[in-house]
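Below is one structure; the comments refer to it alone.
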2 protein chains.
Amino acid sequence: MHDLLTIGELSARSGVAPSALRYYERLGLISSTRTGGNQRRYERSMLRRVAFIRVSAQVGVPLEEIGAALADLPAGRTPTRTDWTRLSRAWRSRLDEQIALMERLRDRLDGCIGCGCLSLKTCGLYNHGDELAEQGPGPVRLMRRG
Amino acid sequence: MHDLLTIGELSARSGVAPSALRYYERLGLISSTRTGGNQRRYERSMLRRVAFIRVSAQVGVPLEEIGAALADLPAGRTPTRTDWTRLSRAWRSRLDEQIALMERLRDRLDGCIGCGCLSLKTCGLYNHGDELAEQGPGPVRLMRRG
DNA sequence: CCTTGAGTTGAAGCTCACTTCAACTTGCAG
DNA sequence: CTGCAAGTTGAAGTGAGCTTCAACTCAAGG
C-alpha cells in the first residue's frame, strides 16, 4: 500500500517507542526522509536496522558502538545481503564472547558461590585467593572480561 | 592478621570501588560494623555477597532485585552453605534463561538478520511478519522475553 | 607527637537511554 | 472543509548506578 513507514508504523512494527526512534535518529543510528509537511518517512529496510539495534543493545552494547558498526553499512543504497552478513559476522563473535562469559559466571556460581566455600573455608579457590595469595584475585577473578 | 576488612581492602579484593560499596550499603545490599572512630569494617563473608552482587548485576538484574534476593539470607549469622545453595539455585535458572535468550538472539542474527532477508525479501520470517500478518511480530519476535 | 594515607558524610554531578511536556502542524476520513 | 489522531520541535525530566567534591576525622608508621 505505502512503501514508506510513518514513525508510528515503524514503532508498532519494531516494538520501539516513537520517542526512542527519534532518539536513535538524533544519534545517527537510523535515518528518514521527510514529507512536504516535515514528517518522517522510513524505508522498510529501517526495520532491519532497528531490529539489529535492539538485539545489540539487549546484550549490552552501547548505542554509540552500535552506531559505529552501522556506519560501515553503505550510505546511499539499501544494504545488500553481503553488507549485513559482514556486519553480523563481526557481531556474532561478540555475542559468542558474551555468552561464554555468562556460562563461566553460571558455572562459578554453581561450583563456588553455590557451595558455600567462601564462608565455610572449604574451597580451593577461596583459600588460594584469600589466604595464600596476598595480591590474589579471589572473587575478582569471576568478573574479568575477555 | 585482621579478620575484619576495611572498605579499601574489600574494594581491592572485590574489584568494586569504595564509593560503589558505600552505595550498596545505603541500598542495604551489604552491611558493616563500625570502629570506635566510625569507620566501616566488613566481615569476610561480605566478599561473597559482593561477588554475588556483581555477577548478578552483570547479567542485568537490577540492584533492587538483588537486594530482595539477599534479604532471604539469615540476618544475624554468617550464611551457611545451605543458605547460599538455596539462593544460587534460584539464580542459576535466571542465568540459564538469560543465556538461552542470548543464544536465540545469536542464532536469529545468524540465520535471519545475517542472511539479508529483511531487505532482500527472501526470508520466511520477514514475509510472514511484514507482508502476510498485518499485526505480525516480524523483528519484534526477536525481542520477546521469557 | 606528627604526618600522611585512608576513611567519613551529604549533596551534587554524571552517563546512558530514554520519556515527557508544551505548543504547535500535518494528514486523512467523513 | 472540518475534526482529530498522529506528527513536529527543543528543553527538561527520569531512573539506575555510580562518581566526585569539600570539609573533615581516623589510624598507624617513623
Side-chain angles (χ1 to χ4, degrees), chain A residues 1-43 46 49-70 134 140 143 145, chain B residues 1-43 46 49-70 98 140 143 145:
Chain A
M1 224 154 179
H2 32 248
D3 52 23
L4 290 179
L5 304 170
T6 66
I7 195 167
E9 287 162 344
L10 182 58
S11 169
R13 297 291 316 278
S14 66
V16 174
S19 60
L21 292 174
R22 291 194 196 96
Y23 179 64
Y24 292 163
E25 194 169 328
R26 273 219 328 272
L27 299 186
L29 300 187
I30 58 176
S31 59
S32 59
T33 53
R34 298 297 180 115
T35 63
N38 197 37
Q39 296 197 355
R40 288 170 181 82
R41 289 298 181 268
Y42 295 98
E43 289 185 29
M46 279 302 148
R49 262 180 112 96
V50 173
F52 182 83
I53 292 166
R54 296 307 301 154
V55 168
S56 305
Q58 176 108 9
V59 301
V61 183
L63 294 183
E64 198 176 2
E65 255 184 272
I66 298 172
L70 285 172
E134 276 306 281
V140 183
M143 306 311 300
R145 298 133 208 278
Chain B
M1 224 154 179
H2 33 249
D3 52 24
L4 290 178
L5 303 170
T6 66
I7 195 168
E9 288 162 343
L10 182 58
S11 169
R13 297 290 315 279
S14 66
V16 174
S19 59
L21 292 173
R22 291 196 196 96
Y23 180 64
Y24 291 163
E25 194 169 328
R26 272 219 329 273
L27 297 187
L29 300 187
I30 59 177
S31 59
S32 58
T33 53
R34 297 298 180 113
T35 64
N38 197 36
Q39 296 198 355
R40 288 170 180 83
R41 289 297 181 271
Y42 295 98
E43 288 185 29
M46 279 302 147
R49 262 180 112 95
V50 174
F52 182 83
I53 293 166
R54 296 307 301 153
V55 168
S56 306
Q58 177 107 10
V59 302
V61 184
L63 294 183
E64 199 177 2
E65 252 184 275
I66 298 171
L70 285 172
Q98 186 75 15
V140 182
M143 307 311 300
R145 297 135 209 274

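Computed over heavy atoms, backbone and side chain alike; hydrogens, waters and symmetry mates excluded. In the text below, chain A, chain B and the rest are named by the order of the sequence lines, each starting its count at 1.
Rounded to an integer number of Å, the gap from CD of A:E25 to P of D:dG10 is 12 Å. Computed from coordinates, the B:Y23 OH to D:dT20 C1' distance equals 15 Å when rounded to whole Å. One interatomic measurement links the two molecules: CG of B:L10 to C1' of C:dA6, which rounds to 14 Å at whole-angstrom precision.
When distances are taken from the side chain of B:N38 to each of D:dA27, C:dT9, D:dG7, the shortest belongs to C:dT9. Closest to the side chain of A:R40, out of D:dT19, D:dT8, C:dT19, is D:dT8. Of all nucleotides listed (D:dT8, D:dC18, C:dC18), D:dC18 comes nearest to the side chain of B:A20. When distances are taken from the side chain of A:Q39 to each of C:dT26, D:dT19, C:dT9, the shortest belongs to C:dT26. If you check D:dT9, D:dC18, C:dG27 against the side chain of A:R41, the one that comes closest is C:dG27. Of the candidates C:dT19, D:dT8, D:dG7, D:dG7 carries the atom nearest the A:T6 side chain, counting heavy atoms from C-beta on.
Across all strands, A:R26 comes closer than 4.0 Å to no nucleic acid atom at all (heavy-atom distances). A:R22 comes within 4.0 angstrom of a base, heavy atoms only. Looking at heavy-atom distances under 4.0 Å, A:A17 makes contact with sugar-phosphate atoms alone, never a base. Using a 4.0 Å heavy-atom criterion, one finds that A:P62 contacts the sugar-phosphate atoms exclusively.
Heavy-atom distances to DNA chain C give each of A:G60 and A:G37 a nearest nucleotide, and the one nearer the 5′ end belongs to A:G60. Along DNA chain C, the nucleotide nearest to A:Y24 and the one nearest to A:G36 differ in position, and the one closer to the 5' end is contacted by A:Y24.
Listed by chain and residue number, A:E25, A:R34, A:R40, A:Y42 satisfy the side-chain contact (heavy atoms from CB on, under 4.5 Å) test with A:S32 (two or more places apart in sequence, or in another chain).
Note: B:R41 CZ to B:L5 CG = 9.5 Å, rounded to the nearest 0.5 Å.
Between D:dG17 and B:R54, no contact under 4.0 Å exists linking OP1 or OP2 to a side-chain N or O. Regarding contacts with the backbone of D:dT9, a side-chain N or O of A:R34 is found under 4.0 angstrom from either OP1 or OP2. Checking the phosphate oxygens (OP1, OP2) of D:dA27, a side-chain nitrogen or oxygen of B:T35 falls inside 4.0 Å.
In this structure, B:V16 and B:S11 approach most closely via the heavy-atom pair O-OG, 2.7 Å.
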